Asks: 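One structure, as structure tokens, below. Some questions next.
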Amino acid sequence: MSNFNIFAVRAMYHFEMSRFRRTLMQSLIAPVLSTALYFVVFGAAIGERMQQMGGISYGAFIVPGLIMLSLLTQSVSNAAFGIYFPKFTGTIYELLSAPVSYFEIVLAYVGAAASKSIILGLVILATAATIVPLEIEHPLWMMLFLVLTSVTFSLLGFIIGIWADGFEKLQIIPMLIITPLTFLGGSFYSIDMLPPLWRTISLFNPVVYLISGFRWSFHGTADVGISISLGMTLGFLAVFLAIVAWIFRTGYKLKT
Amino acid sequence: MQPIISVANLSKTYASGFYALKNVSLDIRPGEIFALLGPNGAGKTTLISTVCGIVTPSSGRVTVDGHDILDDYRAARSLIGLVPQELTTDAFETVRATVTFSRGLFGLRANPAHIEKVLKELSLWDKKDNTIRTLSGGMKRRVMIAKALAHEPRILFLDEPTAGVDVELRRDMWALVRALRASGVTIILTTHYIDEAEEMADRIGVISKGELILVEEKVELMRKLGKKQLTLHLQQPLDNIPPALAAYGLTLADKGNDLIYSYDARDAEHDSSSIAALLGDLAATGIHFKDLQTTQSSLEDIFVTLVSDRK
Ligand SMILES: Nc1ncnc2c1ncn2[C@@H]1O[C@H](COP(=O)(O)OP(=O)(O)OP(=O)(O)O)[C@@H](O)[C@H]1O
Ligand SMILES: [Mg+2]
């Protein structure tokens with residue numbers, strides 16, 4: 001018996017991705033459309049009257065933040081739904097009775113959710129590029145942040161999906177925590193523009209570091225240092241990995 | 001013979017504190033059809049779920065072909081196919097996709113020929129490209145069986161496979177189970193239809209309130225507990241049993257119109273002289289009957305007696 005069930009990982013990943021293809025409308029079109037609306041409202045309408053942000057047009061300035069906004073919410077909700085749904089329908093029995101390890105389940109489900117987010121992020125980026133002139137100073141770093149953020153927040157979504165025992169709980173964390181934190185995390189402004197007190201408070205918002213690092217990869221300027229941003233992202237990844245490991249060690253909410 | 005599944009002192013207490021299995025020990029023989037009977041809530045599904053890895057045992061040990069279900073779960077689980085009691089399917093997948101998925105999940109390389117064979121055996125081949133939500137309940141149940149067979153398991157668990165299934169499909173399923181057994185697959189099924197167990201099983205286990213109260217060869221069980229009754233409808237009613245017939249342990253029924261003789265089916269097989277003697281003695285005493293009838297208790301009677309004895 002080998003120690004890694006590659007066929008199972010493939011099967012689960014493929015299964016999740018085909019669910020994605022089936023729901024392409026919701027999965028892709030909706031976030032792209034809402035992002036386009038943000039551009040029209042903030043970039044074109046309001047942005048015209050805004051000063052340049054450190055030499056960058058306001059429209060270009062908000063691109064990284066908008067991608068992050070979609071990336072975070074979509075990673076969390078995709079991954080949460082992906083693992084919650086089999087629990088809800090009962091088809092999880094098959095995963096639990098199959099010769100697969102928890103690690104393989106996480107790899108496939110989080111991998112699929114992260115893949116979707118990465119595709120989504122790139123599609124939004126391409127959409128943005130057609131609306132505002134865009135330059136990416138550090139494309140490799142951009143990809144690194146894109147991938148790391150997608151994986152990290154898909155892990156968070158996975159945790160939520162396991163924890164949730166109803167559809168409300170699935171929605172509540174993205175709605176009450178992720179979206180506000182992203183809006184207040186400098187998607188649409190630089191935290192340097194805030195009064196000192198609010199600036200300090202903002203530094204407790206973890207999303208600030210994600211957006212800042214991502215923005216740096218685009219424009220070469222950031223609210224906080226790139227190494228701090230990277231460190232924070234990796235820190236989240238470590239925390240969520242630890243929680244997932246704990247869930248699986250204890251069988252929390254999966255097995256009775 | 002080495003058992004294919006060995007359950008030793010298995011207990012399960014759910015998080016709610018409910019004691020669903022109490023010290024269950026059971027060996028399943030390779031190649032047999034084992035029927036697990038018991039009333040609702042007895043613990044049949046819990047037992048199956050534990051062996052399959054869905055429920056964690058509280059104590060005790062289970063091995064499948066020598067592999068511990070916890071320490072060596074990959075080897076143990078890859079031998080098992082499970083058709084759960086509830087119809088749970090991915091509504092939006094196609095039949096073929098979901099069955100192919102199951103094979104991959106169990107660590108096997110894709111094999112379209114095997115999937116085709118399984119779908120054809122279950123009369124699902126012409127539905128292969130339909131999404132599952134467009135199928136009838138009976139077809140969905142067959143899809144679940146196809147999923148369980150996709151990885152060519154050596155052991156198949158069928159948790160109430162014929163609940164809500166029409167007569168024809170039931171017959172088909174029995175035929176399928178027999179064919180699987182003939183190909184060497186060990187089958188453990190639960191059912192509330194006792195005729196099904198009677199028809200299919202090699203051995204029968206009865207579980208009640210989490211305890212395995214009996215495991216027996218079906219034939220043996222029928223013999224051991226199967227009482228036969230000879231009922232004689234008399235020409236003239238009797239007020240009481242004549243002393244000359246006292247040795248037979250007869251009883252009267254229907255206001256003295258029926259004379260009932262109970263005997264062991266097993267004894268009767270070995271020697272039928274007691275019936276002949278009874279009839280001779282009846283004639284000698286001047287008792288005449290107009291008709292007679294024999295009945296043998298079914299597994300159902302046996303089962304009801306067993307379970308109610310423990311209440
Ligand atoms: N997850 C659970 N948490 C708490 N109690 C449970 C759980 N699952 C089952 N039980 C209880 O355990 C007992 C055995 O249930 P089980 O499903 O094993 O019965 P069963 O013999 O399969 O019944 P049926 O013939 O109705 O399918 C029942 O009393 C049930 O309420
Ligand atoms: Mg049951």
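Sequence lines set the chain letters: A, B, ... in the order given, protein chains first and strands last, and positions in each chain run from 1. Please read these numbers as outputs of a predicted model, since none were measured by experiment.
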Asks: Applying a heavy-atom distance below 4.5 Å, give me the residues of residues 143-156 of chain B that approach chain A, sorted by number.
Replies: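 From residues 143-156 of chain B, the residues near chain A are M144(B), K147(B).
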
Asks: Heavy atoms only: give me the nearest Y73(B)-P99(A) pair and the separation to one decimal.
Replies: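 Scanning both residues, the minimum pair turns out to be CE1-C, 4.5 Å.
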
Asks: Is it the side chain or the backbone of S18(A) that comes within 4.5 Å of chain B heavy atoms, both, or neither?
Replies: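 The side chain, not the backbone.
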
Asks: For the residue pair A11(A) and L105(B), what are the closest heavy atoms and their distance?
Replies: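 Looks like CB-N, 4.0 Å.
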
Asks: I'd like to know whether CZ of F167(A) has more than 12 heavy-atom contacts from other residues, nucleotides or ligands below 6.0 angstrom.
Replies: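 Count over threshold, so yes.
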
Asks: Would you say that more than 12 heavy atoms from the other residues, nucleotides or ligands in this model lie under 6.0 Å from the NE2 of H67(B), or not?
Replies: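 Enclosed: over 12 neighbouring heavy atoms sit under 6.0 Å from NE2 of H67(B).
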
Asks: At what distance, to the nearest 0.5 angstrom, does CZ of R109(B) lie from CD1 of I6(A)?
Replies: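 With rounding to 0.5 Å, CZ (R109(B)) is 10.5 Å from CD1 (I6(A)).
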
Asks: Looking at T50(B), T56(B), T89(B), I69(B), which has the largest count of heavy-atom pairs under 4.5 Å with chain A?
Replies: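 Going by pairs under 4.5 Å, I would pick T56(B).
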
Asks: Looking at S101(A), P86(A), A108(A), which makes the most heavy-atom pairs under 4.5 Å with chain B?
Replies: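 Maximum pair count with chain B is reached by S101(A).
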
Asks: Taking the side chain from R77(B) and the backbone from S97(A), do they hold a donor-acceptor pair closer than 3.5 Å?
Replies: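 It does not hold such a pair.
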
Asks: When you compare the side chain of T23(A) with that of F92(B), does any pair of heavy atoms fall below 4.5 Å?
Replies: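 No, their side chains stay 4.5 Å or more apart.
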
Asks: I need the contact set between residues 13-33 of chain B and chain A: heavy-atom distance under 4.5 Å, sorted by residue number.
Replies: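 Within residues 13-33 of chain B, the residues under 4.5 Å from chain A are Y14(B).
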
Asks: Quick one: OH on Y93(A) to OG on S49(B), what's the gap to the nearest 0.5 Å?
Replies: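 The OH atom of Y93(A) sits 11.5 Å away from the OG atom of S49(B).
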
Asks: Measure the shortest side-chain to side-chain distance between T88(B) and T89(A) over non-hydrogen atoms and say whether it is less than 4.5 angstrom.
Replies: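 Counting from C-beta outward, T88(B) and T89(A) never come under 4.5 Å.
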
Asks: For residues E94(A) and P84(B), determine if any side-chain heavy atom of one lies less than 4.5 Å from a side-chain heavy atom of the other.
Replies: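 Result no, sub-4.5 Å side-chain heavy-atom pair not found.
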
Asks: Side chain, backbone, both or neither: which part of R10(A) has an atom under 4.5 Å from a heavy atom of chain B?
Replies: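 Interface part for R10(A): neither.
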
Asks: Using distance only, find each side-chain donor-acceptor pair of residues 67-74 of chain A under 3.5 Å and give its atom names and separation, not counting sequence neighbours.
Replies:
from, atom 1, to, atom 2, distance (Å)
T73(A), OG1, L69(A), O, 2.8
T73(A), OG1, S70(A), O, 3.3

Asks: L87(B), L108(B), L82(B): which one forms the most heavy-atom pairs within less than 4.5 Å of chain A?
Replies: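 Maximum pair count with chain A is reached by L108(B).
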
Asks: Please report the closest heavy-atom contact between N5(A) and R74(B), naming both atoms and the distance.
Replies: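 It is CB-NH1, 3.5 Å.
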
Asks: Which residues in residues 96-103 of chain B have any heavy atom lying under 4.5 Å from a heavy atom of chain A?
Replies: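 Only F101(B), S102(B) of residues 96-103 of chain B have a heavy atom under 4.5 Å from chain A.
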
Asks: With only heavy atoms counted, which part of L95(A) is less than 4.5 Å from chain B, the side chain, the backbone, both or neither?
Replies: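 For L95(A), the contact with chain B is made by backbone and side chain together.
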
Asks: Is the count of non-hydrogen atoms from other residues, nucleotides or ligands lying under 6.0 Å from F248(A) atom CZ greater than 12?
Replies: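 Check passes, neighbour count above 12.
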
